[in-house]
Student: 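Questions regarding the structure given below will be posed in turn.
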Amino acid sequence: MHNTPELLGLQMRHLIVLAQRDLYNFSEARNPYMNAERTLQRLRETLFSIQAVGEQLTRQHAVSQLSNQTPASVFLGHPAIPPITPTPPLQFYQQNLRDLTVEELATFDGKNGRPAYVAVNGVVYDVTNNRAWAAATHFALTAGKDHSGAFASCHAGQESILTTLPVAGRLV
Amino acid sequence: MEGYILPPETLTNEAIASRLKNEVNEQIRQGLIKKRNLVYLELNGCSGNIISLLNGQNPDFEYTLNSMVNLRYSNSLMAAEGEQAIEQLMEVLDEDYILAVEGAVALKNDGLYNVIGRWKGEPFTGLQAAQMLGEKASHILAVGACATHGGVSAAKPNPSESVGLQTVLPDRNIIKLTGCPVNPDWFLGTLAHILLYGEPETDNLNRPLMFYSTLIHDRCPRRPFFDRGIFAEKLGDKTCLFKLGCRGPVTRVDCPTRQWNGHVNWPVGASTPCIGCASFGFPDAMEPFVSYDTTRIVQDE
């Protein structure tokens, strides 16, 4: 599975929102039931993931730059120093981002142990464990479909709901 | 009394409703407020709400109701029958009254799918009653899911073309007590609030905040199981019922703390998922009520 820069960017944005939320919880200490240790651990993992996604982006950028350049030349009799390769990305919190067609999306209907995905405005979200999606259904909507229209009519101006959902990929 | 610091009043759900009821009785006894007339209409439904209300206790529902208001008309509770009963209903029209409506309004064939009596030899439909009484009432309470949005009566395929009360009274402010059926406290508490202070504070869907402000999920005694991802696999399991289709996370009402049948138990307490009966859209939008074929075993893709 090749992660396009666009998908990586999407994932990065999601991770940053997660981190911001955890930081907010910490700084305000509003929630007396917050498990500090677990939140800290999640924050740590989110940061690792941000680092990993960032490195993937850098590497892809470097590869695209390299392909634009002329073949490696010889500099003063020495072979050109190869570009620094980033360390392999850490696998913390790494999701399988993928491009899904409508037909593929339909298989993620939350039945028989399959995950429950829904698409809104071209982005596929994972609602498997979302509390408003008990039994992979939500106010007569079922998982495995594009619900952009329903979202617009019921949650207009509440796009923040989407930022709390794990991104599973993109609808193509 | 000045200078004394009184102990705080109990703020439990049960206390709020019973304090309202006791306060009304006390003020009526002292002559500070007057009893108002109440018309309780039963339209197109199953009479489940009046049955649920009869479950109210300490003191019993009928006593509570009669000591708070003059119950002028109720399909189920009044002694009069036939045209005589409808005559009593018509007499109220010239007076001040609070209207409570249970059941949906059937629109098909000019309302002939729901006839509640006969008036001057003609069938008297629920549609006529709702419009006639709704226009003149000082306050209107829609009691139960059928009255608030159509509920079970308007579920697909809706052969009687039933609608909620608001559809036939578009210009009236209607307090909506959702639920299938309503808890006696939700009805009596709201009624007492109207007598004492006027209409209670409501949310954007016109439900009284004192009963409908919290999500069931947020006060569910099984919430720790949800947070730790421990889910029930079948009805009767004692863990979180989310994966079976529990609608607690989208349903706003105080069932977990108020409970039913004289504050004894409630659906999740009996190990069956919340079916979201107090949500708008019930029942169609809350289905499936139970699903065994869901995301229990999450396989790695």
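Below, chain A is the first sequence line, B the second, and so on; all start at residue 1. The figures here come from the full heavy-atom set of this structure, side chains too, leaving out hydrogens, waters and symmetry mates.
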Student: With only heavy atoms counted, which part of B:Phe280 is less than 4.5 Å from chain A, the side chain, the backbone, both or neither?
Tutor: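 B:Phe280 touches chain A through backbone heavy atoms alone.
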Student: Can you confirm whether more than 12 heavy atoms, excluding those of A:Gln158, are under 6.0 Å from its CD atom?
Tutor: yes
Student: Is B:Leu241 in contact with chain A via its backbone, its side chain, both, or neither, using a 4.5 Å heavy-atom distance?
Tutor: neither
Student: What about the rings of A:Phe151 and A:His155, do their centers lie closer together than 6.0 Å?
Tutor: yes
Student: Identify which part of B:Phe226 has an atom lying under 4.5 Å from any heavy atom of chain A, answering side chain, backbone, both or neither.
Tutor: side chain
Student: Counting only heavy atoms not in B:Arg172, do more than 12 fall under 6.0 Å of its CZ?
Tutor: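 Yes - once you tally the heavy atoms of other residues, nucleotides and ligands closer than 6.0 Å, there are more than 12.
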Student: Could you pull out the closest heavy-atom pair between B:Cys255 and B:Trp266, with the gap in Å?
Tutor: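 Nearest heavy atoms, B:Cys255 then B:Trp266: CB-CE3, 3.7 Å.
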